[in-house]
Asks: 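Got a structure for you, questions after.
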Amino acid sequence: KMEFMKFRWTVSHTIGLIIGIIFPFLALPLVVFLLSQFENLSFDYLWEQFLNLAVVKSKYISLSLIFNLLFFYFFLNKEKYDLAKGIIAGTILYFPYILYVNFLI
């Protein structure tokens, strides 16, 4: 008889979820700055594109989600698996928006 693992949502999951949702927004200016440096474009120009073009917004948000990996690996190394699962959940919440913008608009 096979017993399935039971999943119970905890406060640690919620904290990880909040980090996974908020941190990409905090990392967005860094993403735009790095892109401006690599592509020799002004930060203001790229930021205006981000604010005004949905497809560009989707791409920059996708890039900022990479920064969630920092928290994910940090929590994995500290064996804080519930926080790491919350980071994954927070990252996954961005996918419907990204798919909508890239395929339906």
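Numbering starts at 1 and runs along the sequence shown.
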Asks: Would you indicate whether the side-chain heavy atoms of I15 and I19 approach each other to under 4.5 Å?
Replies: yes
Asks: Not counting sequence neighbours, which residues clear ring-ring contact (aromatic ring centres under 6.0 Å, His included) with F50? List them please.
Replies: W47
Asks: Whether the side chain of Y94 engages the backbone of I21 through a donor-acceptor N/O pair (distance < 3.5 Å, no angle test) should be reported.
Replies: yes
Asks: So, does D82 use its side chain to make a donor-acceptor pair with the main chain of S12 at under 3.5 Å?
Replies: no
Asks: Side-chain atoms of residues 27-45: list all donor-acceptor pairs with protein atoms under 3.5 Å, sequence neighbours left out, distances to 0.1 Å.
Replies:
from	atom 1	to	atom 2	distance (Å)
S36	OG	F33	O	2.6
S42	OG	Y45	N	3.1
Y45	OH	Q49	NE2	3.2

Asks: Show the numbers, then the answer: is there a side chain to side chain contact (heavy atoms under 4.5 Å, CB included) between I88 and I92?
Replies: CA-CA 6 Å; I88 292 169; I92 289 171; 3.7 Å; yes
Asks: Roughly how far, to the nearest 0.5 Å, is CG of L51 from CG of L46?
Replies: 11.0 Å
Asks: Show me, pair by pair, the donor-acceptor contacts under 3.5 angstrom made by side chains of residues 97-105, not counting sequence neighbours?
Replies:
from	atom 1	to	atom 2	distance (Å)
N102	OD1	S58	OG	3.4
N102	ND2	S58	OG	3.1
N102	ND2	I98	O	3.1

Asks: Would you mind reporting whether L83 and F72 have side-chain heavy atoms less than 4.5 Å apart?
Replies: no
Asks: Do you know the tightest heavy-atom contact between R8 and H13?
Replies: O-CE1, 3.4 Å
Asks: Measure the shortest side-chain to side-chain distance between K59 and V55 over non-hydrogen atoms and say whether it is less than 4.5 angstrom.
Replies: yes
Asks: Any chance you could measure T91, atom OG1, to N68, atom CG, to the nearest 0.5 Å?
Replies: 3.5 Å
Asks: Going through the checks in order, is the side chain to side chain contact (heavy atoms under 4.5 Å, CB included) test met by L17 and W9?
Replies: CA-CA 11 Å; L17 178 71; W9 191 265; 4.2 Å; yes
Asks: Examine F71 together with F23 and report whether their ring centres are nearer than 6.0 Å.
Replies: yes
Asks: May I ask you to test the F67-L26 pair for a side-chain heavy-atom distance under 4.5 Å?
Replies: no
Asks: Considering only heavy atoms from C-beta outward, does the side chain of I61 approach that of P24 to under 4.5 Å?
Replies: no
